[in-house]
Number of protein chains: 2
Amino acid sequence: MARVQRDGGDDAEPTAELPAVRDQGPSAVNGRKVPMAADKVRSIPEAAVARLAVYLRVLSGMAEQGAVTVSSEELATAAGVNSAKLRKDLSYIGTYGTRGVGYEVDVLTVEIERVLGLTRQQKVAVVGIGNLGHALANYGGFPGRGFPVEALFDVDPDLIGIPVGGLPVNHIEDIPDICATRKIAIGVIATPPAAAQAVCDRLVEGGVHCVLNFAPVVLQVPGHVEVRKVDLAIELQILSFHVARNAEQRVSRRTAAARASSNGEVV
Amino acid sequence: MARVQRDGGDDAEPTAELPAVRDQGPSAVNGRKVPMAADKVRSIPEAAVARLAVYLRVLSGMAEQGAVTVSSEELATAAGVNSAKLRKDLSYIGTYGTRGVGYEVDVLTVEIERVLGLTRQQKVAVVGIGNLGHALANYGGFPGRGFPVEALFDVDPDLIGIPVGGLPVNHIEDIPDICATRKIAIGVIATPPAAAQAVCDRLVEGGVHCVLNFAPVVLQVPGHVEVRKVDLAIELQILSFHVARNAEQRVSRRTAAARASSNGEVV
DNA sequence: AGCCGCTTGTGAATGCGTGCACAAAATCCG
DNA sequence: CGGATTTTGTGCACGCATTCACAAGCGGCT
């Protein structure tokens, strides 16, 4: 049966609790610090993972400017969070800071990359070479390099074989085969909404476990598949909500002010 | 002073408490329903707003298929959430359901649209007419119509004046003027990261209160400006994290299985 | 009319994430 | 070498969001 798309919230997975992931001898092999992190990985909150990615980008910017160490305060303001949150986020992946000093930029970079799985390259396939798909394909390895685009798909016969961003477009029918043989890890869906579910099914069939969905539909996927969605319309509508809310507050403030002034009060 | 980008989480606003949203005559069928909702609007959790937008889309799909009423259960599964959450989300905007029956599709649609501020059209400007900006400009009023793109900007002199999606491209310098005169409500930043902050400042200068940022930078904006960001790289890295996590679990499960089998246990 | 079954709306409980505040640690300096 | 200073790491408390579970309410059926 098809499970429902998980979207930053419901954790009701069949992963159960499984508190016994760690090996029996807990302190048996204490020499290294890595195994602890390996245990901890499972417990990093999703929100923290997203922020880790932000820290990583900020760090790379700092490294370019020759920074060697960075304090939690600096890094936090640069990333737009408060320092306590940053430190807690970092504590999920281990303790790589030096008290009284800060963090070594390159150490932290490497550790975050490791936790995010960026040491291995994740191959990406883009499906739907329309306006958006075109843009994605031309991103060329995607920012931060580590996500090479290794397959493109579309239904349009006129597009098949045409190279986009240096890669020929294949037909959607070939998704399962090509994804399987090229070991695609992440599928990006940039098709019209009507086609998205079918495309997604083919991706899953091809062994893709992670999907980034730009189509405005709720995808149904088996439980082991991770879906993230990026939805333009929804982002705009959220902003619209804030516009409306602010306009409303402004109105009510104005009426309140009017009322107050008619009462002779000072605003 | 520049406030930091808020990003789906910190709600530390002066929203106060105001617990009782009074519940006078429920079935009193007071001619208007607007005022009550107007009070409530402020207290809708951000996460719920995002889901309301999803419900809206699902509802419009159902309306097209001729559905008149829908139960919370149906709507919930179609939207990929559980029904309790859906009902609570809807309860934030009022009580428009009929017990024992469900919700009228069109009533619910209208009410959600009203809360999200979609009754008024929000004018959009797109800055940065590269691959992505091109795609955005060609979206043509954006999905769900209600977000007309009314201005395009870029630095490239070769692009100035060229119509993209039926709209001429203006120079970035003119952002403040044009946004102000055309009453742009939402600015979309699709520039390279280096230019994003300057563009954002100009948008704010032009009176834009809401920004949708595609550039991989943390924007600094004054407190009254709402920023939402869509970051490809971060989405991919989050997926990458899940790939790594799953791979790891699979490995540890395998080693566990190996250990178990070597112990003669049955897995 | 009155009962029955169905579905909503919501109080209460639970869980999770955030922010605070402080102890622990490390460096620097006298 | 010891104290002052700085900054990390984290226990704790708070608040928000999710989920549960059930009473309230409505339509249909007899």
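Quick caveat, the model's predicted, so the values are computed rather than measured. Letters go in sequence order (proteins before strands), and every chain restarts at 1.
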The salt bridge (Lys or Arg N to Asp or Glu O under 4.0 Å) partners of Arg57(A) (sequence neighbours excluded) come to Asp231(B)
- request: Give a yes/no on whether any side-chain N or O of Arg51(B) is located under 4.0 angstrom from OP1 or OP2 of dT18(D).
  value: yes
When rounded to whole Å, the CG to P distance for the pair Asp89(B) and dG9(C) reads 12 Å
Whole-Å distance, Lys85(B) NZ to dA17(D) P, equals 11 Å
Side-chain contact check for Pro45(A): nearest option of dT8(C), dT18(D), dG17(C) is dG17(C)
Separation of dT10(C) atom P from Ile44(B) atom CD1, nearest Å, is 14 Å
Atom CZ of Arg87(B) and atom C1' of dC20(D) are separated, to the nearest Å, by 10 Å
When you measure from the side chain of Glu64(A) to the backbone N and O of Gly61(A), does any donor-acceptor pair fall under 3.5 Å?
no
>> If only side-chain N and O atoms count, and only distance matters, is there a donor-acceptor pair under 3.5 Å linking Ser83(B) with Glu73(B)?
In response: yes
Please tell me whether Thr119(A) and Arg114(A) have a donor and an acceptor in their side chains that are separated by less than 3.5 angstrom.
no
inquiry  = Looking at Lys88(A) and dG19(C), is any side-chain donor or acceptor paired with a base atom of the opposite kind under 3.5 Å?
reply    = yes
Rounded to whole Å, CD of Glu73(B) lies from C1' of dC20(D) at a distance of 14 Å
| said: Between Glu46(B) and Arg228(B), does any side-chain N to carboxylate O distance fall below 4.0 Å? | reply: yes
Asn82(A) CG to dT18(C) P, in whole Å, measures 10 Å
Using a cutoff of under 3.5 Å, can you pull out all pairs of nitrogen or oxygen atoms linking the protein to nucleotides 26-30 of chain C, with atom names and distances?
| from | atom 1 | to | atom 2 | distance (Å) |
| --- | --- | --- | --- | --- |
| dA26(C) | O4' | Arg99(A) | O | 3.3 |

Judged by nearest nucleotide, the residue sitting upstream toward the 5' end of DNA chain C, Gly102(B) or Ala84(A), is Gly102(B)
Exercise for review: May I ask you to test the Leu90(B)-Leu86(B) pair for a side-chain heavy-atom distance under 4.5 Å?
Suggested key: yes
Leu75(A) CG to dG9(D) P, in whole Å, measures 12 Å
Is the shortest heavy-atom distance from the side chain of Val221(B) to the side chain of Val211(B) under 4.5 Å? no
Short side-chain N/O contact to dG9(D) OP1/OP2 from Tyr103(A), under 4.0 Å:
yes
Between Ala48(A) and Ser71(B), whichever has its closest DNA chain C nucleotide further toward 5' is Ser71(B)
In whole angstroms, the gap separating C1' of dT7(D) from CG of Leu86(A) amounts to 12 Å
Open item on the list: Check this one for me: any side-chain N or O of Ser72(A) less than 4.0 Å away from OP1 or OP2 of dT7(D)?
Closed with: no
